[in-house]
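A short write-up of the structure that comes next.
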Amino acid sequence: MDRKILFYDTKPYDRRFFDEANKKYGLEIQYLSEHLNETTSAFSVGYDAICAFVNDNLNARIINDLVKNQVSLVAMRSAGYNNVDLKAAFGKIHIVRVPGYSPYAVAEHAMALILCLNRKIHKAYSRTRDGNFSITGLLGFDLYGKTAGVIGTGQIGNCMINILKGFGMNVLAFDKVKNKEFAGTAGFKYVSLDELYKKSHIITLHCPLTPETKYLINKDSILKMRQGVMIINTGRGGLINTRDLIAGLKSGHIGSAGLDVYEEEGEYFFEDFSGIVISDDVLARLLTFPNVLITSHQGFFTQEALTNIAEITLANVKEFYDGGYLKNEICYRCDGKCKKNLKQRCF
Ligand code: NAI
């Protein structure tokens, strides 16, 4: 396929998986390590498409730059697309994404955060390596019989529910669209957010970041939660008001937090800052809590997920330039569904 595509924000592992997948597609790929921003959008001159990731900026101005440079497609190599101004893009440039490349990867990571935080594996690991075999302070609780609250029962939320049920937990869920059939077979109950907050020992977030879900977890919702609740976020950082989370941790109302995402992660996550002073005081404060576990947006990071991301991204690009129906197109009107029943592109 004689098409040129420019990749932003790539790391060696991206290049490895995309080069492998591209053997089948024969695209002309150029990899950049820079994020897409108001300066680097200029690099897109001469490319048919660009490929972007979770911390690239696709605001209205950058979308307009891409359109001006005659880029016709933005291929997101992610499931989430909260960083794309879909309204600005509509009618001018097509946007595709990779839904459901491996919901298992993210749900398994969320469970890893729960297990690690609850049994304090992060502390035990450093203790024993230091010759300290004391278990004082490592007390956890049985997951069996406790209640987990799952917010967002899409692909990842559903995997998570199966995992939690496997541990013998009671599961309560909240979603604006209820999957009643799955609730019946998996054996969980949809409840209101307030009931979920009140009854859950662990709350795990699997909904997208939208204007409606921005700061879903804030000082008011935290007050409705059980004393000592564990909060897990592998969704998007903006689902949590971090300052309110810190206040909840300091007061002890929140027992622990496992965060794979952070609202200001763009500058730090995926990069090595080990020799540099962190100037973000909120992130720095979070890192001081013994009961907070932060991972650097690695929920998706499995071999299977990277293989699928590369394959589906390039298949999306091929579909677009072959003139076919774009099943993974997103636009601000459709929320993934516009004209899909007619098997037509969004515009
Ligand atoms: P999905 O689209 O299959 O499911 C999302 C669910 O959230 C849907 O059931 C939807 O109805 C629900 N939802 C939407 N608005 C809601 C609201 N206001 N309140 C409650 N529920 C609401 O998406 P999927 O694949 O399960 O991914 C979920 C999110 O996980 C993504 O949007 C992304 O932000 C995040 N993600 C994180 C990754 C990581 O590496 N940490 C990797 C992949 C996704």
Side-chain angles (χ1 to χ4, degrees), residues 9 11 13-14 52-56 76-84 86 95 97-114 149-163 172-183 186 188 190-197 200 203-218 221 231-240 258-263 265-266 269-270 293-306 308-309 312-313 327-330 334-337 340:
D9 190 19
K11 294 276 184 285
Y13 48 81
D14 295 307
F53 196 44
V54 292
N55 291 324
D56 287 315
M76 297 301 298
R77 54 180 196 280
S78 60
Y81 49 90
N82 52 286
N83 50 334
V84 185
L86 292 180
I95 317 282
R97 67 163 180 149
V98 185
Y101 46 79
S102 173
Y104 313 104
V106 186
E108 287 169 14
H109 190 71
M111 194 63 202
L113 291 175
I114 293 176
V150 177
I151 302 183
T153 56
Q155 302 203 46
I156 298 169
N158 286 356
C159 283
M160 191 63 191
I161 289 169
N162 284 331
I163 292 172
L172 301 176
F174 175 80
D175 198 305
K176 35 179 223 179
V177 185
K178 295 181 181 42
N179 184 345
K180 288 190 178 143
E181 197 185 323
F182 180 62
F188 70 92
Y190 280 105
V191 294
S192 67
L193 269 181
D194 280 1
E195 188 176 345
L196 184 147
Y197 292 146
S200 301
I203 294 175
T204 181
L205 308 178
H206 301 290
C207 56
L209 176 61
T210 63
E212 202 184 341
T213 59
K214 169 101 179 160
Y215 289 167
L216 183 71
I217 305 303
N218 57 45
S221 52
I231 297 179
I232 301 295
N233 188 9
T234 60
R236 283 290 180 269
L239 297 173
I240 297 183
L259 310 173
D260 188 46
V261 285
Y262 164 59
E263 55 177 316
E265 70 179 47
F269 281 23
F270 305 119
L293 194 54
I294 297 183
T295 55
S296 189
H297 206 139
Q298 67 175 82
F300 72 100
F301 202 52
T302 65
Q303 299 205 22
E304 292 76 5
L306 291 195
N308 291 337
I309 288 171
I312 298 167
T313 302
K327 65 175 176 302
N328 294 327
E329 177 159 30
I330 38 171
C334 78
D335 195 21
K337 292 173 204 70
K340 290 292 188 260

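Computed from a predicted structure; not experimentally measured. Order of listing sets the numbers, starting from 1, for every ligand and every atom in it.
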Show me which atoms of ligand 1 lie under 4.0 Å from any heavy atom of Thr213. 17 (C), 18 (N)
May I ask you to list the atoms of ligand 1 that are less than 4.0 angstrom from any heavy atom of Gly152? 7 (O), 21 (N)
Return the orientation label for the Phe270 and Phe300 ring planes: parallel under 30°, perpendicular over 60°, tilted otherwise. perpendicular
Nearest neighbour of atom 7 (O) of ligand 1 from the list Ser296, Pro208, Ala107, on a heavy-atom basis: Pro208
Whether over 12 other heavy atoms sit under 6.0 Å from Tyr104 OH: no
Does some non-hydrogen atom of Asp260 fall short of 4.0 Å from ligand 1? yes
Any protein heavy atom under 4.0 Å from atom 2 (O) of ligand 1? no
Please work out whether any backbone atom (N, CA, C, O) or any side-chain heavy atom from C-beta onward of His206 is under 4.0 Å from ligand 1, and answer side chain, backbone, both or neither. backbone
N/O of Asn82 under 3.5 Å from N/O of ligand 1, yes or no? no
Distance, nearest 0.5 Å, that separates OH of Tyr190 from CZ of Phe182: 8.0 Å
Tell me whether Pro99 reaches ligand 1 (any heavy atom closer than 4.0 angstrom to a ligand atom). no
Using the side-chain contact (heavy atoms from CB on, under 4.5 Å) rule, pick out the option among Leu205, Asn218, Leu216 that qualifies with Ile240. Leu205
Show the atoms of ligand 1 that are less than 4.0 angstrom away from any heavy atom in Glu212. 18 (N)
Rounded at 0.5 Å granularity, tell me how far NZ in Lys327 sits from CD1 in Ile312. 8.0 Å
Counting each atom of ligand 1 from 1 as listed, which ones have a heavy atom of His297 under 4.0 Å away? 39 (C), 40 (O), 41 (N)
Is the shortest heavy-atom distance from the side chain of Val150 to the side chain of Ile203 under 4.5 Å? no
Going by the order shown, which atoms of ligand 1 are within less than 4.0 Å of some heavy atom of Val106? 38 (C), 42 (C), 43 (C)
Is Ala79 close to ligand 1, meaning an N/O of one under 3.5 Å from an N/O of the other? no
What protein heavy atom lies closest to atom 11 (O) of ligand 1? Include the residue and the distance to one decimal. Asp175 OD1, 2.7 Å
Contact between Tyr81 and ligand 1, counting heavy atoms under 4.0 Å? no
Considering non-hydrogen atoms of the protein only, which is the closest contact for atom 33 (C) of ligand 1, and what is the distance? Arg236 NH1, 3.6 Å
Tyr197 meets the side-chain hydrogen bond (donor to acceptor under 3.5 Å, both in side chains) criterion, sequence neighbours left out, with none
With nothing but distance in play, are any N or O atoms of Gln155 less than 3.5 Å from an N or O of ligand 1? yes
Under 4.0 angstrom from ligand 1, any heavy atom of Thr234? yes
So, for His297 and Phe269, which heavy atoms are closest and what is the spacing to 0.1 Å? N-CD2, 3.6 Å
Protein heavy atom at shortest distance from atom 16 (C) of ligand 1: Lys176 CG, 3.6 Å
Starting from atom 44 (C) of ligand 1, find the nearest protein heavy-atom neighbour and note its residue, name and distance. Ile156 CD1, 3.6 Å
Atom pair CG (Leu113) and CD1 (Ile231), whose distance is rounded to the nearest 0.5 Å: 13.0 Å
Residue list, salt bridge (Lys or Arg N to Asp or Glu O under 4.0 Å) with Asp175, at least two apart or on another chain: none
Hey, is atom 36 (N) of ligand 1 touched by any protein heavy atom at less than 4.0 Å? yes
Look at Glu212 together with Lys176 and state whether they make a salt bridge at an N to O cut-off of under 4.0 Å. yes
Under a 4.0 angstrom heavy-atom cut-off, which atoms of ligand 1 come close to Phe174? 19 (N), 20 (C)
Closer than 4.0 Å to some heavy atom of Gly299 - which atoms of ligand 1 meet that? 40 (O)
Sub-3.5 Å N/O-N/O distance, Phe300 and ligand 1: yes
